[in-house]
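Here the structure is laid out as structure tokens; the discussion comes afterwards.
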There are 2 protein chains.
Amino acid sequence: MSDLLGGEARVTTRRAQTRDKLMTAAVTVFADRGIIGAPVEEICEAAGFTRGAFYSNFPDKDALVLELIRHEVEIQYTAAERAVEVMKVAASAGRSAEEMVDVALRAFDAGGRSGREWILTQQELRLYAAREPGVRAQYLSFDRECAKQFSTLIADAVSHAGREFTVPFEDAISLLRATHNEVQMEALFGHGEVDSHRLRVLLLAITRPATQSGH
Amino acid sequence: MSDLLGGEARVTTRRAQTRDKLMTAAVTVFADRGIIGAPVEEICEAAGFTRGAFYSNFPDKDALVLELIRHEVEIQYTAAERAVEVMKVAASAGRSAEEMVDVALRAFDAGGRSGREWILTQQELRLYAAREPGVRAQYLSFDRECAKQFSTLIADAVSHAGREFTVPFEDAISLLRATHNEVQMEALFGHGEVDSHRLRVLLLAITRPATQSGH
DNA sequence: TGTATCCGATACATTACTGTATTGAATACA
DNA sequence: TGTATTCAATACAGTAATGTATCGGATACA
């Protein structure tokens, strides 16, 4: 009972690892069978455990789903941050708007989750949250937080690119999100690759070179 | 065995009615529990039957889902057709581009399926098709057909509005679809109403008054 | 009205999944 | 090294869902 490091349990590291493996495996199974259709047993099997491990770590599937959402938001956000960094560099190097957009999107996809499994799971999560009241609230609060941070990043990015929006900012964000989503779905039905072309077209259509003195 | 009306069965009308009731009920249950999570029994219960009726009409749930997709595409298309009709009238009456878009979108939502249940089910169908190989092919062929018809309608609508796209046509269609989708999802999380505002913004951003002599 | 046929209801067998209670091996600390 | 504790494995009910085989009331046609 040595509480030297705060209330945290003792063995923790093994536990943390199995939690992690379970969550990773869950994504695979979710993509394959859907969140609702994914039996706990199959998740465990994919992670190399039995159901005992699962119920020792999570009260039920919903708990794991919530954890997954939390984790996902983090990943996406850091990916976005990196993308903006990359873009700023491109801006300093005097790249064209097209090139900057392209470079940023590429960086985002590389850092985030653009594989088939993740796309499917993200869509699943969204629908699941829309349906299950228990998950919905959490999802929304995460989503809102995420959107806020994204907005900042995008505003930053656009101004660094020496451009400005020709539509209200909030609408711009929504359109970007919509298109990103659609591009992901198209990748799901087409043969694989996420194609950033359409996002570029949209961005160029709803921005113009800044009239301000800046840059 | 009177084959007067072609190979069709005798009692047919009762059968057709129960099929219809089952499909309608399925949408409600799908929205509530997800396609995978929807037990056949619950669908039957909602339709006022027992499982016997179901298995007498469909070999399994997938068959019903396919039927649903087929049906849905039809509905959406006629809704789109009507929307364009309405818009043409507005165009003849010399309305502004904003007004025309607004009127058309309103007509589309009224004729199509803009209720919570239908939005959820449409999203479910899309994901389900992306995952289940058996359904996927069918979905894609329907979807392609639908997209083709939509493209014609939209091109028609835009030119009647005395406008032209500022981005490649194919991209425009995709962006519109993306945004329509997003608007629906937002309605799911917000409190109800589908808001056409964003679609209007997009349309105005990617079109301009036609330079041609026409009109 | 009688009779063949249709179609949904009922009953049954089987499988899949969940969740809990208990056990036993691995791990941390004295 | 011995001992307490943690954590996943195993075992056990219990429930839910599927699909099939059979039955019986309704419908069409003579």
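Lettering of chains follows the sequences in order, A, B, ..., and the numbering in each one begins at 1.
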If you draw a 6.0 Å radius around CZ in B:R116, do more than 12 non-hydrogen atoms from other residues or ligands fall strictly inside?
-> yes
To the nearest Å, how far apart are [X] [atom1] and [N] [atom2]?
| X | N | atom1 | atom2 | result |
| --- | --- | --- | --- | --- |
| A:I43 | C:dA16 | CD1 | P | 17 Å |
| B:R14 | C:dT5 | CZ | C1' | 11 Å |
| A:F54 | D:dT10 | CZ | C1' | 18 Å |
| A:Q17 | C:dA26 | CD | P | 16 Å |
| B:E45 | C:dA9 | CD | C1' | 14 Å |
| A:F49 | D:dC7 | CZ | C1' | 10 Å |
| A:F58 | C:dT18 | CZ | P | 15 Å |

Please determine whether a side-chain nitrogen of the Lys or Arg among [X] and [Y] lies less than 4.0 Å from a carboxylate oxygen of the Asp or Glu.
| X | Y | value |
| --- | --- | --- |
| B:D156 | B:K88 | yes |
| B:E67 | B:R70 | yes |
| B:E182 | B:R198 | no |

Does a side-chain N or O from [X] land closer than 4.0 Å to OP1 or OP2 of [N], or not?
| X | N | result |
| --- | --- | --- |
| A:T18 | D:dA8 | yes |
| B:N57 | C:dC7 | no |
| A:R15 | D:dC7 | yes |
| B:S56 | C:dC7 | no |

Any side-chain heavy atom of B:F30 sitting closer than 4.5 Å to one from B:L120?
-> no
Are side-chain heavy atoms of A:N181 and A:Q184 found at a separation under 4.5 Å?
-> yes
Using atom types as modelled and distance alone, determine if a side-chain donor or acceptor of A:T152 lies under 3.5 Å from a backbone N or O of A:K148.
-> yes
Is there a donor-acceptor pair closer than 3.5 Å between any side-chain N or O of A:T121 and the backbone N or O of A:E117?
-> yes
Take nucleotides 15-21 of chain D nucleotide by nucleotide from the 5' end and write B, S or -, depending on whether a protein heavy atom sits under 4.0 Å from the base, only from the sugar-phosphate, or from neither.
-> --SBBB-
Using the six-membered ring wherever Trp is involved, compare the ring planes of B:Y139 and A:F189 and label them parallel, tilted or perpendicular (cut-offs 30° and 60°).
-> parallel
Looking at five pairs on each end of the helix from C:dT1-D:dA30 to C:dA30-D:dT1, what is the angle between the two axes, given to 10 degrees?
-> 20°
